[in-house]
Amino acid sequence: MKLFIDTAMIDEIKEAWSWGIVDGVTTNPTHVAASGKKFLTVIEEICAVVDGPISAEAVSLDAEGIIKEAREISKIHKNIVVKVPVIREGFKAVKKLTEMGIKTNMTLNYSASQALLAAKVGAAYISPFVGRLDYINQEGMELVRQIRQIYCNYGYKTEIIVAAIRHPEHVLQSALIGADVCTMRFDIMKMLFDHPMTDIGLEQFLKDWEKVPK
Ligand code: E4P
């Protein structure tokens with residue numbers, strides 16, 4: 001399973017990239033706003049660090065506007081994937097963008113029917129927002145299971161990016177279900193490395209090593 005980092009903070013991206021486990025980046029308008037930088041600047045900075053798919057979001061709400069934005073955004077770098085919301089105009093736009101060879105990531109996905117439509121219009125990725133579903137008392141990972149089943153049933157190539165995760169357990173569940181990608185905040189990615197028994201064991205080994213005659 002691929003791991004993407006979900007942020008527009010360049011220092012976090014640089015550090016996570018140095019760990020050797022990051023395959024790509026997802027951003028959204030909230031992340032870009034939090035970076036305090038201009039959209040173009042932040043996306044260019046990310047492209048200079050990460051060699052992998054980088055999602056940058058279009059904000060127009062009509063197909064024509066989304067296509068115009070997508071053409072501009074995709075010119076920034078060959079790794080750009082344009083994020084488009086799963087609204088009717090978004091599907092219309094993605095159908096055309098797919099024909100034009102521009103990769104898309106359909107975002108704000110909350111139902112399996114939306115994910116089916118995303119596959120039909122040839123989106124490269126679909127992003128179910130699991131943690132936000134959990135928040136309203138619906139099991140987010142159940143949506144991922146349904147999408148995996150549908151895509152397997154028909155051999156759709158659209159990749160599932162499990163998004164808006166809230167803890168490392170969501171990463172494990174994504175891998176067990178067979179999601180293609182899991183995108184996560186920097187703090188959750190850091191937690192994937194940790195186990196208290198590893199720390200305790202290492203401390204003991206280092207103490208014992210001191211007793212070895214030198
Ligand atoms: C994914 O592409 C989104 O940027 C992200 O996962 C949203 O997550 P949030 O609910 O933590 O804002």
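Note that ligands are numbered from 1 as they come in the structure, with each ligand's atoms numbered from 1 the same way.
- Put simply, the side chain of W209 reaches to within 4.5 Å of the side chain of K214, judged on heavy atoms.
- Relative orientation of the H167 and H170 rings is parallel, given thresholds of 30° and 60° on the angle between their planes.
- With rounding to the nearest 0.5 Å, the separation of CD1 in I80 from CD in E72 is 12.5 Å.
- Between K37 and E45, the closest side-chain pair of non-hydrogen atoms falls below 4.5 Å.
- Hydrophobic cluster membership is shared by M1 and M141, with clusters built from Ile, Leu, Val, Met, Phe, Trp and Tyr side chains linked at under 4.5 angstrom.
- For F186 and W17, the distance between ring centers is not under 6.0 angstrom.
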Could you pull out every N or O of ligand 1 that sits under 3.5 Å from a protein N or O, with the distance for each pair?
| unit_1 | atom_1 | unit_2 | atom_2 | d |
| --- | --- | --- | --- | --- |
| ligand 1 | 2 (O) | K83 | NZ | 2.6 |
| ligand 1 | 4 (O) | D6 | OD1 | 2.8 |
| ligand 1 | 4 (O) | D6 | OD2 | 3.4 |
| ligand 1 | 4 (O) | N28 | ND2 | 2.8 |
| ligand 1 | 4 (O) | K83 | NZ | 3.3 |
| ligand 1 | 6 (O) | D6 | OD2 | 2.9 |
| ligand 1 | 6 (O) | A164 | N | 2.7 |
| ligand 1 | 10 (O) | R132 | NE | 2.7 |
| ligand 1 | 10 (O) | R132 | NH2 | 3.3 |
| ligand 1 | 10 (O) | R166 | NH2 | 2.7 |
| ligand 1 | 11 (O) | R166 | NH1 | 2.9 |
| ligand 1 | 12 (O) | R132 | NH2 | 2.9 |

